[in-house]
Undergrad: 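This is the structure I have questions about; it appears just below.
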Protein chains: 2
Amino acid sequence: MRIGELAARAGTTTRTLRYYETRGLLTARRTGNGYRTYDEDDLKLLRQIRTLQDFGFDLEETRPFVECLRAGHPEGDSCPASLVVYRRKLAELDALIEQLTSVRAQVGAQLARAEAAVPGGPEPKCELGGHA
Amino acid sequence: MRIGELAARAGTTTRTLRYYETRGLLTARRTGNGYRTYDEDDLKLLRQIRTLQDFGFDLEETRPFVECLRAGHPEGDSCPASLVVYRRKLAELDALIEQLTSVRAQVGAQLARAEAAVPGGPEPKCELGGHA
DNA sequence: GTAAGCCTTGACGCGGGCGTCAAGGCAAGA
DNA sequence: TCTTGCCTTGACGCCCGCGTCAAGGCTTAC
């Protein structure tokens, strides 16, 4: 299949596929007239990339998965290098979630404090009877 | 005080302060030779901006706080417009945390599945002088 | 005098993942 | 033949919060 069809089947754009090619992911064969040609394996590979992207992996992080599939493995995460990326991502996610949770608490506290100080502000969902 | 001292006292750079000025936050008086001059109120204002930035607010979102301080209020969040930003940020944080938590679960599941399929994979955290 | 250390404006760079336009080639249908 | 619709490469734009030069002016110390 050609680039337009592949893009459509993967729910992305031709621009994106060409970009991946410049990055060394998703290489393409060429027909006589210079058109890129892809097969079902390329689609699978592309879907692997897109799934990871949706998870927030950046492109470089998808490379081990791509190489794993290229090496003939059944899944992109059938290789140790991919698992390393998974684990690192989990750690990053945990750290980020923790940080955001902390920020959320601080902003929430600021809001509560400020609402208590602004006359028309409190917008009470209940009687916040403090420990005063 | 001049820009270098203000930057140092706020733990930032002169470049950042000039950037804030182009954005309309943190305006400065000028001395005869064209140097920017700031006072303690400017420092307070700048610290307000920095605190919010640390929380992940983007610059535009700090504007209501800045204007609130400029209007003479004791705190940047002493105005309804600031509270609106707080509330919106809380909603964004909640949505983001929820999404990240979902992604974390999915990635964790993928890792577990892949580890079970890869022979040498599980990689138990033994021998690494852990918390055992 | 001159060197050091502050200040000024202007302008380009960066990172990431593309969007979007430009200018043109190839294939197929009416 | 001409139009339509795909394809090609190249290159600039965008977002955001600055970093990092460049080229020069002011002030103070020696």
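Because the structure is a prediction, the values reported are computed rather than measured. Here is how names work: the chains are called A, B, and so on, in the same order as the sequence lines, proteins then strands, and each is numbered from 1. Values reported hereafter were calculated over all heavy atoms of this structure, with side chains retained and with hydrogens, waters and symmetry mates removed.
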Undergrad: Tell me the interatomic distance from A:R15, atom CZ, to C:dA22, atom C1', rounded to whole angstroms.
TA: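 Computing the A:R15:CZ to C:dA22:C1' distance gives 14 Å.
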
Undergrad: Spell out yes or no: do the side chain of A:R18 and the base of D:dT8 have one donor N/O and one acceptor N/O closer than 3.5 Å?
TA: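 Per atom types, no contact qualifies.
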
Undergrad: Between B:R2 and B:Y20, who's closer to the 5' end of DNA chain D by nearest nucleotide?
TA: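 Result: B:Y20.
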
Undergrad: Measure CG/A:L46 against P/C:dC18 and give the value in whole Å, please.
TA: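 Distance check: A:L46 CG to C:dC18 P gives 10 Å.
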
Undergrad: Rounding to an integer number of Å, can you tell me how far A:Y35 OH sits from C:dG25 P?
TA: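 Checked: the OH to P distance equals 12 Å.
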
Undergrad: Quick one: which of C:dA27, D:dC7, D:dC26 gets closest to the side chain of A:N33?
TA: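 Among the listed nucleotides, the one closest to the side chain of A:N33 is C:dA27.
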
Undergrad: Can you tell which of D:dC7, D:dG19, C:dG19 lies closest to the side chain of B:T13?
TA: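 That would be D:dG19.
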
Undergrad: Over how many whole Å does the gap from A:L25 atom CG to C:dC18 atom P extend?
TA: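 The distance from CG of A:L25 to P of C:dC18 comes to 11 Å, rounded to the nearest Å.
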
Undergrad: Rounded to the nearest 0.5 Å, what separates atom OG1 in B:T62 from atom CD in B:Q48?
TA: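 Answer rounded to 0.5 Å: 8.0 Å.
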
Undergrad: Could you grab the distance from atom CG of B:L6 to atom OG1 of B:T13, nearest 0.5 Å is fine?
TA: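 The distance works out to 11.0 Å.
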
Undergrad: A:R63 has an atom CZ; how far is it from atom C1' of C:dG17, in whole Å?
TA: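 So the CZ-C1' distance, A:R63 to C:dG17, works out to 14 Å.
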
Undergrad: Between D:dC16 and B:Y19, is there an OP1 or OP2 to side-chain N/O distance shorter than 4.0 Å?
TA: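 For D:dC16, OP1/OP2 do not have a side-chain N/O of B:Y19 under 4.0 Å.
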
Undergrad: Once you round it to whole Å, what is the distance between P of D:dC6 and OH of A:Y38?
TA: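 After rounding, the reported distance stands at 16 Å.
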
Undergrad: Using a strict 4.0 Å threshold on nitrogen-to-oxygen distance, state whether B:R63 and B:E60 make a salt bridge.
TA: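 Yes.
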
Undergrad: Does the pair A:K89/A:E92 count as a salt bridge with the N-to-O cut at 4.0 Å?
TA: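 Yes, this pair counts.
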
Undergrad: Rounded to whole Å, how long is the line connecting atom CD of B:Q53 with atom P of D:dC16?
TA: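 Distance, rounded to whole Å: 12 Å.
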
Undergrad: Can you tell me which nucleotide in C:dT8, C:dC18, C:dG16 comes closest to the side chain of A:D58?
TA: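 Minimum distance to the A:D58 side chain belongs to C:dG16.
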
Undergrad: Output the rounded distance in Å from CG (A:L52) to P (C:dG17).
TA: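 Computing the A:L52:CG to C:dG17:P distance gives 12 Å.
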
Undergrad: More 5' along DNA chain C: B:E5 or A:L59, using each one's nearest nucleotide?
TA: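 Its nearest nucleotide lies further toward 5', so the answer is B:E5.
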
Undergrad: Which nucleotide in the list D:dC7, D:dC18, C:dG17 gets nearest to the side chain of A:I3?
TA: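 Of the candidates, D:dC7 comes closest.
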
Undergrad: Under a plain distance cut-off of 3.5 Å, with no hydrogens placed, do B:E98 and B:S102 share a side-chain donor-acceptor pair?
TA: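 Distance-only check fails for B:S102 and B:E98.
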
Undergrad: Among the candidates C:dC18, D:dG17, C:dT9, find the nucleotide nearest to the side-chain atoms of B:R30.
TA: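 Comparing C:dC18, D:dG17, C:dT9 against the side chain of B:R30, the answer is C:dT9.
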
Undergrad: Tell me whether the OP1 or OP2 atom of C:dT8 has a side-chain N or O from B:T14 closer than 4.0 Å.
TA: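 So the side chain of B:T14 is outside the cut-off, no N or O lying under 4.0 Å from OP1 or OP2 of C:dT8.
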
